[in-house]
Amino acid sequence: MQGDFDAMRMSHLFGRTLREAPGDAELPSHKLMLRAAMVRPLGAGIYSLLPLGWSVVRKVEQIIREEINAIGGQELLMPVVHPADIWKESGRYQQVGPEMTRFVDRGERDMVLAMTHEEVVTDLARQEINSYRQLPMLVYHIQTKWRDEPRSRGGLIRVREFTMKDSYSLDLDEAGLDVQYRNHWRAYERIFRRCGLAFVVVGADTGMMGGSASHEFMALSDYGEDIVLICPNGDYAANQEVAVFQRDAPTAEELLPLEDVATPNTPTIQALADFLNVPLTRTAKAVFFVGDSGRFVFAVIRGDLDVNETKLRKAAGERGLTPATAEQIQAIGAEAGYGSPVGVHDALIVVDESIRDSPNLVAGANKPGYHLKNVNLGRDYQADVIADIASVTAGLPCAECAAPLTAARAIEVGNIFKLGTRYSQLLGATYLDAAGESHPVVMGSYGIGSGRVTATVVEQHHDERGIAWPISIAPYHASLVSIYTADDDAPAQAADRLYSALIDAGVETLYDDRPERAGVKFNDADLIGCPIRVSVSARTLAKGEAEIKLRTERESRFVPLEDAAAIVRDIADGLFAPLDGDPPAA
RNA sequence: CGGGGUGUGGCGCAGUCGGUAGCGCGCGGCGUUUGGGACGCUGAGGUCGGAGGUUCGAGUCCUCUCACCCCGACCA
């Protein structure tokens, strides 16, 4: 059985548990997986999976496989090293920044390390798909990706080399894509439920992938990098990057004449409101950026709201935004702290909807210590773009039901994208319809990071003693602990027999047969986190018993030694039952 | 890329005013122990991240550099 994932003697296990976590680990999942001998770092954001960790990840991947197969997915495997040509064809070779690693091979050909596989799957599609008769199709693989993140952080949650299940749907039309999109949505819900993850599904930004729709599967966690806004009535959930809220009704008011007002020492909107004793909603805030194109982007929003850079970037048509410097601000005729769009030049004026609907606001006068009263869009300045550029925060009203939204940190464990025809058009992946006309294949792409799922499960399932795996992805169903001394190895022999019985009963068992003291073995069992612990000692043996304890429970029970394997099997089955992927009963 | 921090034995750390490197855990041997990380004796293990410099002498001071961590920017 040595080397088998179904059973393992700890005396032979590669990897040692650590009493203390390395000092540079911060997240619970990172510390615990290091201490439990599941992962080891090789470099920043680069990890080896040790046998215990690999066992878990394999189970996560197997669950993914089963559920994607169940919606018609066909597994294949695409390369990690790509010729740059296909990335040039899609345009991403130019678009994507240094997070994509580029190199040249010995023949001086441009190559890249795969960040994702849209280009390759589209290349395959243009070779293999010719006719409408061949569609729809769904292919996927579980493959290494490399993304040279400017900063890998959060231990195992955000790494540079990682493994992802990515599937790609190929359809005749949008209707077909809708079907595959919904299929993935359901499959993902089943996958994460089977892994024991608590999650929410939110609307998301389409980012560098392009495409028309995207949802993210977010596992709630204090260590999440994303913020999700959730309606308490379940009417709405979205990533903060794209979240919207119910806007106030437009204010109907006579336009008053523009008026200069001295407002010394009011560089912040709050100071201004306090000084003039007006609510924040009657002020206009100016935020200054310079786009990647070099254009000055002048954002205007009502004083009670904040600018969402993701939305602003899209509204301005810029790939990136950098906060403007004081010199750049003065160059367009504005003044930091006292800025308004009135009278500025050489800037793209992007105005939030809140401004359009709010007359007679207080705004900067573009000179230090002065503001303007009764500033009005259209009369006093023109907007180049009017858009929703507001950042949604907790407490703002739900767009659907007006209930105050709540905000929570979350880890993105999966996402689904409607790509449409962006890649198929650029790479020429087309099919002929029944009338003999050519159309681009309509595509979707769907990702799950298996390692990130694993670490996220640890974030949600641990205590001060260690990990408490859901049985569906635990490295082993049971830890068998023998407690014996050199003088009396009868418990060890009994445990040996129980080990065999457990294996025969189909219980995946991690057998701690080491000649360690009870405390060491119990602590390691708690740390590694198999859901069931079975102990055999002189004490239990005297009564012909074994002790059974669940990782998540405090009390243990004693059962006849000869029945122990069957009982553990039953307990294991019982632990699997709620992890069957179906929605919990209401 | 900006800001901050840390690099000393496998892990966690100490090292004062510059004076020839130490503690705990872990590891090997022997003995005593044996149900929640035992105890005694003994032993192995470190060019103090790297390079240069100052100095009679550098873990310690200076310069450069590398790695890693945190915050931000960035990011399917």
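Predicted model, so just to flag it, every value in this text is computed and none were measured. Below, chain A is the first sequence line, B the second, and so on; all start at residue 1.
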Taking donor-acceptor contacts at under 3.5 Å, does the side chain of [X] reach the base of [N]?
{"X": "A:Glu516", "N": "B:G37", "result": "no"}
{"X": "A:Arg533", "N": "B:G36", "result": "yes"}
{"X": "A:Arg35", "N": "B:G37", "result": "yes"}

In whole Å, I'd like the distance from the [atom1] atom of [X] to the [atom2] atom of [N].
{"X": "A:Glu99", "N": "B:C1", "atom1": "CD", "atom2": "C1'", "result": "13 Å"}
{"X": "A:Asp512", "N": "B:G36", "atom1": "CG", "atom2": "P", "result": "15 Å"}
{"X": "A:Leu527", "N": "B:C11", "atom1": "CG", "atom2": "C1'", "result": "14 Å"}
{"X": "A:Asn523", "N": "B:G26", "atom1": "CG", "atom2": "C1'", "result": "15 Å"}
{"X": "A:Leu34", "N": "B:G10", "atom1": "CG", "atom2": "P", "result": "17 Å"}
{"X": "A:Arg160", "N": "B:A67", "atom1": "CZ", "atom2": "P", "result": "10 Å"}
{"X": "A:Arg16", "N": "B:G12", "atom1": "CZ", "atom2": "P", "result": "14 Å"}
{"X": "A:Lys31", "N": "B:G12", "atom1": "NZ", "atom2": "P", "result": "12 Å"}

Using a cut-off of 4.0 Å on non-hydrogen atoms, how would the nucleic acid contact of [X] be classed: base, sugar-phosphate, or nothing?
{"X": "A:Asp526", "value": "base"}
{"X": "A:Leu27", "value": "nothing"}
{"X": "A:Arg452", "value": "nothing"}
{"X": "A:Thr540", "value": "base"}
{"X": "A:Tyr446", "value": "nothing"}
{"X": "A:Glu26", "value": "sugar-phosphate"}
{"X": "A:Glu309", "value": "sugar-phosphate"}

Nearest-nucleotide pick for [X], side chain only, options being [options]:
{"X": "A:Asp24", "options": "B:G35, B:C68, B:G37", "result": "B:C68"}
{"X": "A:Thr485", "options": "B:U34, B:G37, B:G36", "result": "B:U34"}
{"X": "A:Glu20", "options": "B:C68, B:C11, B:G36", "result": "B:C11"}
{"X": "A:Val520", "options": "B:A38, B:G12, B:C27", "result": "B:A38"}

Of A:Tyr47 and A:Leu18, the one whose closest RNA chain B nucleotide lies more 5':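 Between the two, 5'-proximity favours A:Leu18.
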Judged by each residue's nearest nucleotide on RNA chain B, which is more toward the 5′ side, A:Arg313 or A:Val536?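 The 5'-side residue here is A:Val536.
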Find every protein N or O atom lying less than 3.5 Å from an N or O atom of nucleotides 31-33 of chain B, and list the pairs.
from: B:U33; atom 1: O2; to: A:Arg517; atom 2: NH1; distance (Å): 2.6

Does the side chain of [X] pick up a donor-acceptor pair with the side chain of [Y] at under 3.5 Å?
{"X": "A:Tyr446", "Y": "A:Ser169", "answer": "yes"}
{"X": "A:Asp496", "Y": "A:Tyr511", "answer": "yes"}
{"X": "A:Ser482", "Y": "A:Lys521", "answer": "yes"}

Distance between the [atom1] atoms of [N] and [M], in whole angstroms?
{"N": "B:U16", "M": "B:G2", "atom1": "C1'", "answer": "35 Å"}
{"N": "B:G72", "M": "B:A14", "atom1": "C1'", "answer": "33 Å"}
{"N": "B:A58", "M": "B:G50", "atom1": "P", "answer": "15 Å"}
{"N": "B:G5", "M": "B:G10", "atom1": "P", "answer": "27 Å"}
{"N": "B:C39", "M": "B:G7", "atom1": "C1'", "answer": "35 Å"}
{"N": "B:G49", "M": "B:G43", "atom1": "P", "answer": "28 Å"}
{"N": "B:G31", "M": "B:C17", "atom1": "C1'", "answer": "46 Å"}
{"N": "B:C61", "M": "B:C1", "atom1": "C1'", "answer": "31 Å"}

Watson-Crick or G-U wobble mate for [N], both contacts under 3.5 Å:
{"N": "B:C61", "result": "B:G53"}
{"N": "B:C11", "result": "B:G24"}
{"N": "B:C48", "result": "none"}
{"N": "B:C68", "result": "B:G5"}
{"N": "B:C17", "result": "none"}
{"N": "B:U33", "result": "none"}
{"N": "B:A73", "result": "none"}

Are the charged groups of [X] and [Y] less than 4.0 angstrom apart, N to O?
{"X": "A:Glu26", "Y": "A:Lys31", "value": "no"}
{"X": "A:Lys145", "Y": "A:Glu161", "value": "no"}
{"X": "A:Asp226", "Y": "A:Arg409", "value": "no"}

So, A:Tyr168 versus A:Tyr140, ring centres under 6.0 angstrom or not?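 Centroid separation for A:Tyr168 and A:Tyr140: 6.0 Å or greater.
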Please confirm whether the shortest side-chain N or O distance from A:Arg19 to OP1 or OP2 of B:G26 is below 4.0 Å.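 Answer is yes, contact under 4.0 Å.
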side-chain hydrogen bond (donor to acceptor under 3.5 Å, both in side chains), paired with A:Ser556, selected from A:Glu547, A:Lys549, A:Arg533: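 Looking at A:Glu547, A:Lys549, A:Arg533, the match for A:Ser556 under the side-chain hydrogen bond (donor to acceptor under 3.5 Å, both in side chains) is A:Glu547.
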Using the rule side-chain hydrogen bond (donor to acceptor under 3.5 Å, both in side chains), only one of A:Arg92, A:Glu119, A:Glu118 pairs with A:Tyr423; which is it?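 With A:Tyr423 as partner, A:Arg92, A:Glu119, A:Glu118 yield a single side-chain hydrogen bond (donor to acceptor under 3.5 Å, both in side chains), made by A:Arg92.
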Within the 4.5 Å heavy-atom criterion, are A:Trp185 and A:Val201 side-chain neighbours or not?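 Yes; the side chains approach each other to less than 4.5 Å.
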Parallel, tilted or perpendicular: which fits the ring planes of A:Phe217 and A:Phe199, with parallel below 30° and perpendicular above 60°?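 Taking A:Phe199 first and then A:Phe217, their aromatic rings sit tilted (interplane angle of 30° to 60°).
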